[in-house]
J.: 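The structure's right below; bear with me while I get my questions together.
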There are 2 protein chains.
Amino acid sequence: MKLDLLFLPSEIRNSDLQEKLVIVIDVLRASSTIVTALSNGAKDIIPVESQEDATRLMQEIGRKYVLLCGERGGQKIEGFDLGNSPFEYTNEVIQEKTLIFCSTNGSRAIVKASAAAKVMVGCFINLGTVLENVLESKPKEVVLLCSGKEDRFSLEDTVCAGMMVSRLKERLTESLELSDSAQAGLQVYGQHQKSLLKMLNSSLHGKYLLSLGFQEDLVYCSQVDSIPVVPVLETGHLVKAPL
Amino acid sequence: MKLDLLFLPSEIRNSDLQEKLVIVIDVLRASSTIVTALSNGAKDIIPVESQEDATRLMQEIGRKYVLLCGERGGQKIEGFDLGNSPFEYTNEVIQEKTLIFCSTNGSRAIVKASAAAKVMVGCFINLGTVLENVLESKPKEVVLLCSGKEDRFSLEDTVCAGMMVSRLKERLTESLELSDSAQAGLQVYGQHQKSLLKMLNSSLHGKYLLSLGFQEDLVYCSQVDSIPVVPVLETGHLVKAPL
């Protein structure tokens, strides 16, 4: 298996993705929130690139059938139902609902990856389950796509991707071919593996979320293998992959 | 001093560069070749983004006053005078000439960085001299800009940037503020510092250049502090900074 890592969605070339399985990583917080929402009973999640796309789609489907979800600058978008904190996505609120999801980095990255043969959403909380799912589908090429932060490098996404490289390396000792960037991700992960929460707290994005009062979100997003759910993209909708 | 690292030119936001000193890194091979050309007597070097820009500029200045230099796919562009191997840039060929320089990654990155307060060109062969120059100009913010390879991550540029972070950290123990990406670059460098040539030979770009027969270029580009010359951008022209 070939394993590549993209630090930013701008590294995507659509023609390159068509035969590949892509795991979209946005640790803080889109991936973690999407995993949580599907775990807590949401019917499906439609990622969109912009607030305008979200509103237009909501009008097409009908206001009463959907929840409008997303953030700008870490805060809930005005007029939307939910923001981007996993704690908002409780069973009572989202049970059997379709969520239209619009975040600054993660949902854009998922849309940009949609030319791929298969798209999954991953982060620390579902890391092991995502990798089991990857190994079962036996892809020839896997791309770990970090969502970044406003088109800049994201430490937490890179460390999470590096952890995926590390675990796959343990499992596939002989047959794994790492790209230069996958190796670099592994090295960055190595520096932070002892304390993922410390890494999140010290990262640029983490510090910003702390300043907004989201410290519990960081603790939640750092808990490896806490939710065994894999969101997978099917004709534009994220649904729970069968286990 | 704040120290940031961009893995790719796509991370540039022009508005962010205006107060900053940018070091453009393209180890294989534009930075190394530009340093060599100025060291060997070229009058100045005009980096351009495209082959068309190079030809147009040549016609404006006059064919006999310039040399057309650059590569596509690692090979000299047809009809150009020189390619992108430092060994072509001997004193006999380039003495007192103006070079129009068009490479796939490096010259584009330099043009993209030109909104910055100051732009220098750096790589392993002039690393120490570049950093001396940076320290003398006492900038508040420095950006290490990796040129990448066709809009993808470049291991060799990242390791070189990481080495610059490492050396600056030794010199400025207390007053250096590293971004998340600068710290990541430092970690990647740490894995390769024992053998830069081995890293170049094993990198994606290095392997490609080896396949074209450029093994001597890789050895040359790996020699740290071999040429004490700093190219600096002045109104679109790279010239030798006074030492």
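Every chain is numbered from 1 and lettered A, B, ... according to where its sequence line falls, protein lines coming before strand lines. Source: prediction; values computed, not measured.
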J.: Taking atom CZ of R13(A) as the centre, does the number of heavy atoms from other residues, nucleotides or ligands within less than 6.0 Å exceed 12?
T.: yes
J.: How far does CZ of F7(A) sit from SG of C146(B), to the nearest 0.5 angstrom?
T.: 10.0 Å
J.: Any idea which of R152(A), Q187(A), Q183(A) has the most non-hydrogen atom pairs under 4.5 angstrom with chain B?
T.: R152(A)
J.: Rounded to the nearest 0.5 Å, what separation is found between the CD atom of Q191(A) and the CD atom of Q191(B)?
T.: 7.0 Å
J.: For atom CD of E19(A), decide whether the heavy atoms of other residues, nucleotides or ligands shown that lie under 6.0 angstrom number more than 12.
T.: no
J.: Taking non-hydrogen atoms and a cut-off under 4.5 angstrom, which of residues 202-221 of chain B neighbour chain A?
T.: S202(B), S203(B), L204(B)
J.: So which part of D4(A) gets closer than 4.5 Å to some heavy atom of chain B, the side chain, the backbone, both or neither?
T.: side chain
J.: Side chain from CB out, backbone as N, CA, C, O: work out which of these in L186(B) comes under 4.5 Å of a heavy atom of chain A, or both, or neither.
T.: neither
J.: Please examine the side chains of F153(A) and D180(B), heavy atoms only from C-beta on, and report whether any two atoms are closer than 4.5 Å.
T.: yes
J.: Within this structure, what is the CG-CG distance for the pair D151(B) and L8(A), rounded to the nearest 0.5 Å?
T.: 11.0 Å
J.: Using heavy atoms and a sub-4.5 Å threshold, report which of residues 121-134 of chain A line up against chain B, by residue number.
T.: none
J.: Examine whether an atom of L5(A) lies under 4.5 Å from a heavy atom of chain B, and if so say whether it belongs to the side chain, the backbone or both; otherwise answer neither.
T.: backbone
